[in-house]
Protein chains: 4
Amino acid sequence: MGGTMDGTKQRRRGDTRRRIQDVALELFAEHGYEKTSLREIAERLDVTKAALYYHFKTKEEILVSIFEDLTQPIEDLIEWGRQQPPTLATKQEIIRRYADTLAEATPLFRFMHENQATVRDLQIGESFKARIHSLRDIIVDPDADLVDQVRCASAIFTLHAGMFLLQDMGDDPKEKNRAVLEVATDLVTQAHRGAGGS
Amino acid sequence: MGGTMDGTKQRRRGDTRRRIQDVALELFAEHGYEKTSLREIAERLDVTKAALYYHFKTKEEILVSIFEDLTQPIEDLIEWGRQQPPTLATKQEIIRRYADTLAEATPLFRFMHENQATVRDLQIGESFKARIHSLRDIIVDPDADLVDQVRCASAIFTLHAGMFLLQDMGDDPKEKNRAVLEVATDLVTQAHRGAGGS
Amino acid sequence: MGGTMDGTKQRRRGDTRRRIQDVALELFAEHGYEKTSLREIAERLDVTKAALYYHFKTKEEILVSIFEDLTQPIEDLIEWGRQQPPTLATKQEIIRRYADTLAEATPLFRFMHENQATVRDLQIGESFKARIHSLRDIIVDPDADLVDQVRCASAIFTLHAGMFLLQDMGDDPKEKNRAVLEVATDLVTQAHRGAGGS
Amino acid sequence: MGGTMDGTKQRRRGDTRRRIQDVALELFAEHGYEKTSLREIAERLDVTKAALYYHFKTKEEILVSIFEDLTQPIEDLIEWGRQQPPTLATKQEIIRRYADTLAEATPLFRFMHENQATVRDLQIGESFKARIHSLRDIIVDPDADLVDQVRCASAIFTLHAGMFLLQDMGDDPKEKNRAVLEVATDLVTQAHRGAGGS
DNA sequence: CATGAATGAGTTTTCATTCAT
DNA sequence: CATGAATGAAAACTCATTCAT
């Protein structure tokens, strides 16, 4: 009981919830939240719309649940960052780790990035914005020179842009990711130098 | 007669088309394209929905018309850029001018930036993407080092982000804009240096 | 003055009304009354919708006016028929003349035939039905054998069908029309014989 | 339990689709396809418009579904006719059977007959036309004399007209139907004789 | 767990019609 | 004669959501 069972059933056991999230995110990222209907999601999963409502109370809840599941790593990163000394090395490491986090949840971040107007009215908007700001506040001293503040924010956006907007650049995606990371790291490094870090 | 008349009426004469565009853009930028209904636009203008259809064939056409009217300056800028020698000074000037262009059509660019998922299915998406790419291709040699290519793209996104995402940063918006411009210019300058510019 | 003028202007003088009728009938016959919009008519004539309203009070009036202009010949035919002796020759002549009438106003009759459901609610419906019935009553004695009554009605429908439904039959339209007329005449002849006509 | 239940509820169970078709056809036949709105259909059934869309994807699909369900007998008749020897008896039998078919699906055929302009743009138009042509081709040799071809087509239209246009003729509908059938049969018989049938 | 059936509120769009100029 | 601008009413259709089974 509850142990290993058959395996085929296990894949479907409680798995529907996850499958809904996967398909929903894929469609949200592709066509936007508003233009993705529950009918579409249900059809792709070959279940009825009503089935979605067994697992989630509303359409928005589907999105919220995806968001909550996938942004845990960012919260962890923020937590970690706050406990480190505010050295350049820490900041560089945060950039590095953030790049990894983005890479692992690309569709969600692509969605967040491309649907800001939608997301703004949708509870999670504030939540997401707050996280990004927390992150920014770790890598830049709010008392620093404004130009350096911008540089750090820009580092974050460079990572974002690298994920979603530069798909046509460079031949090898890995190489491109390395280049993006380098530019972002550079920006943070320059900001740090400007801020008087020796 | 026929001369100057009252002025109140004159403002409404033939002005409706423009007023629709204005209100529509405002709402599109605020709530997104999909979530803005024609009823909403019409109500704000105190006309009927059908009046909108007298001036525009479809909802999409409203957006397209706004887009076409407001992106002319970018096309001009691209045209100008292509006829200049590819010096660092040129590139810096393009960044400067592009910043101005963005500032003058903030709501449109905010809209484009925050509704990419929507815009992608909407004809003008490709058109806009193409313009940004053209701009990028002017400030970076496609044969340059990949890191420097990213730096230039990043310069453009820094300007974008500066417009729409950094509204809480710094006390004085003008100062912030100057800071944003400086970071973007820096990125281009660094890219140029890397590319072997003396 | 008022005499011959230029000729170009003369063609347009008061001609608009006729042109509206022509285009309207063409479109009504092609796509049906309901699916033909005034916008469509106006666009084809290269005038505005409002111009149509200068010449006709309503959409229905356009149709009514066409109807009235074009069905005069039928009324004349009925009038003529009523004053003839009820011989077989008269009936045959009516069939012959009716065939001519149909041929001369094909689009109208095609319209009436293919849009009966529409026309029924539209005033002219009754009017048209009454005319056809009058015609029928001339070529068949209401006291005749029911089979012969049907034969006569069938003669009329044969003519109609020949106009609108047999376009693919036979190589030469003229030949086909002659065949149609022959069948219709035959039917009337048979009916007459049945009715005890010597 | 599960057995016979009440009967009132049972009639409504799964019956909605059929009820929609029935009411729709009734209204389509009465006022025409274009002038019948989904609101009207829904109101008569005491359901919402959206309920219609649960059962049919579009308004047109309602019509198509009715058409497909009701024209099966014609297809069967054509199939049967093709496998018979082309004797006069066969042709007469086809006329007889076709009259029966028409009588059993009167509203649909009335609709098809009175809304040809509408139906023409509506997919099923061609489909219907093709069936009628197939039928015609069975009862008349395409190489026959043109007059006899017309006679056969006329036989079919006589049946049609008998259904929809002669409602005022004769006192007893059954008698009238018999008369119509007789005229149609006569026409086919004459055509056969003309074609060289002994 | 999931479905079949339905709803209410909304959407974009079209149309015949009006009227001041 | 004709237009430019607008309207009120209605159309077809979509969507998130509900609920008995």
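We name chains A, B, ... by the order of the sequence lines, and we start the count at 1 in each one. Predicted model, so just to flag it, every value in this text is computed and none were measured.
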J.: How many whole angstroms separate atom CG of B:L52 from atom C1' of F:dA5?
T.: 13 Å
J.: Rounded to whole angstroms, how far apart are CG on A:D15 and P on E:dC1?
T.: 11 Å
J.: Hey, could you give me the CE/CZ distance between A:M112 and A:R131, rounded to the nearest 0.5 Å?
T.: 9.0 Å
J.: Let me spell it out: for each of A:T36 and A:A50, pick the nucleotide of DNA chain F with the closest heavy atom. Which residue's pick is nearer the 5' end?
T.: A:T36
J.: How does DNA chain E look in dot-bracket form if you count Watson-Crick and G-U pairs under 3.5 Å, write [ ] for pairs that cross, and put | where a base pairs with another strand?
T.: .||||||||||||||||||||
J.: Looking at D:S37, I'd like to know whether one of its side-chain N or O atoms comes within less than 4.0 Å of OP1 or OP2 on F:dA11.
T.: yes
J.: Is there side-chain contact between A:F28 and A:L108, with heavy atoms separated by less than 4.5 Å?
T.: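 Heavy-atom side-chain distance check fails, nothing below 4.5 Å.
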J.: Under a plain distance cut-off of 3.5 Å, with no hydrogens placed, do D:E34 and C:T118 share a side-chain donor-acceptor pair?
T.: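 No - no donor-acceptor pair under 3.5 Å links their side chains.
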J.: For the pair made of CG in B:L38 and P in F:dA12, what is the distance, rounded to whole Å?
T.: 19 Å
J.: Measuring from atom CG of A:L52 to atom NZ of A:K59, what distance do you get when rounded to the nearest 0.5 angstrom?
T.: 11.0 Å
J.: Hey, what do you get for CG (C:L25) to CG (C:L70), rounding to the nearest 0.5 Å?
T.: 6.5 Å
J.: Going by number, which of residues 56-67 of chain D have a non-hydrogen atom under 4.0 Å from DNA chain F?
T.: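 Within residues 56-67 of chain D, the residues near DNA chain F are D:T58, D:K59.
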J.: Specify the separation, in whole Å, of atom CZ of A:R39 and atom C1' of F:dC13.
T.: 11 Å
J.: Evaluate the ring planes of C:F128 and C:F109, with Trp represented by its six-membered ring, and classify them as parallel (under 30°), tilted (30 to 60°) or perpendicular (over 60°).
T.: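 Rings of C:F128 and C:F109: tilted, as their planes differ by 30° to 60°.
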J.: Send over the distance from C:I41 CD1 to E:dT14 C1', rounded to a whole Å.
T.: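 These atoms are roughly 15 Å apart.
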J.: Going by an N to O cut-off under 4.0 Å, is there a salt bridge joining C:E40 and C:R44?
T.: no
J.: Take the protein atom CZ of C:R19 and the nucleotide atom C1' of F:dA2, then report the distance between them rounded to whole Å.
T.: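 C:R19 atom CZ is separated from F:dA2 atom C1' by 13 Å.
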J.: Go nucleotide by nucleotide along DNA chain F from the 5' end; which of B:H55 and A:Y53 gets its closest nucleotide reached first?
T.: B:H55
J.: Using ring-ring contact (aromatic ring centres under 6.0 Å, His included) as the criterion, list what pairs up with D:H113, not counting sequence neighbours.
T.: C:H113, D:H160, D:F164
J.: Name every residue in residues 117-128 of chain B that has at least one heavy atom under 4.0 Å from any atom of DNA chain E, in order of residue number, or write none if there are no such residues.
T.: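 By residue number: none to list.
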J.: What distance separates A:L122 CG from A:Q116 CD, expressed to the nearest 0.5 Å?
T.: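 It is 13.5 Å, given to the nearest 0.5 Å.
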J.: Measuring from atom OH of B:Y33 to atom CG of B:N115, what distance do you get when rounded to the nearest 0.5 angstrom?
T.: 10.5 Å
J.: Atom NZ of D:K49 and atom C1' of E:dG10: how far apart are they, to the nearest Å?
T.: 10 Å
J.: For a quick test of reading the model, state the closest non-hydrogen atom pair linking C:H55 to C:T16 and the distance between them.
T.: NE2-CG2, 3.5 Å
J.: The side chain of D:Y54 is closest to which nucleotide in this list: E:dT18, E:dA5, F:dA2?
T.: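 So the side chain of D:Y54 is nearest to E:dA5.
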J.: May I have the distance from A:E43 (atom CD) to F:dC15 (atom P), rounded to whole angstrom?
T.: 10 Å
J.: What's the closest nucleotide to the side chain of A:T16 if the choices are E:dT7, F:dT3, E:dA2?
T.: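 Nearest to the side chain of A:T16 among the choices is E:dA2.
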J.: Do the side chain of B:T36 and the main chain of B:H31 share a donor and acceptor less than 3.5 angstrom apart?
T.: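 No; zero donor-acceptor contacts below 3.5 Å.
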J.: Where the side chain of D:R120 meets the backbone of C:E30, is there a donor-acceptor pair that is under 3.5 Å apart?
T.: yes
J.: C:S65: what forms a side-chain hydrogen bond (donor to acceptor under 3.5 Å, both in side chains) with it, not counting sequence neighbours?
T.: C:Q21
J.: Using a heavy-atom distance cut-off of less than 4.0 Å, which residues of residues 27-35 of chain A contact DNA chain F?
T.: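 Result for residues 27-35 of chain A: none.
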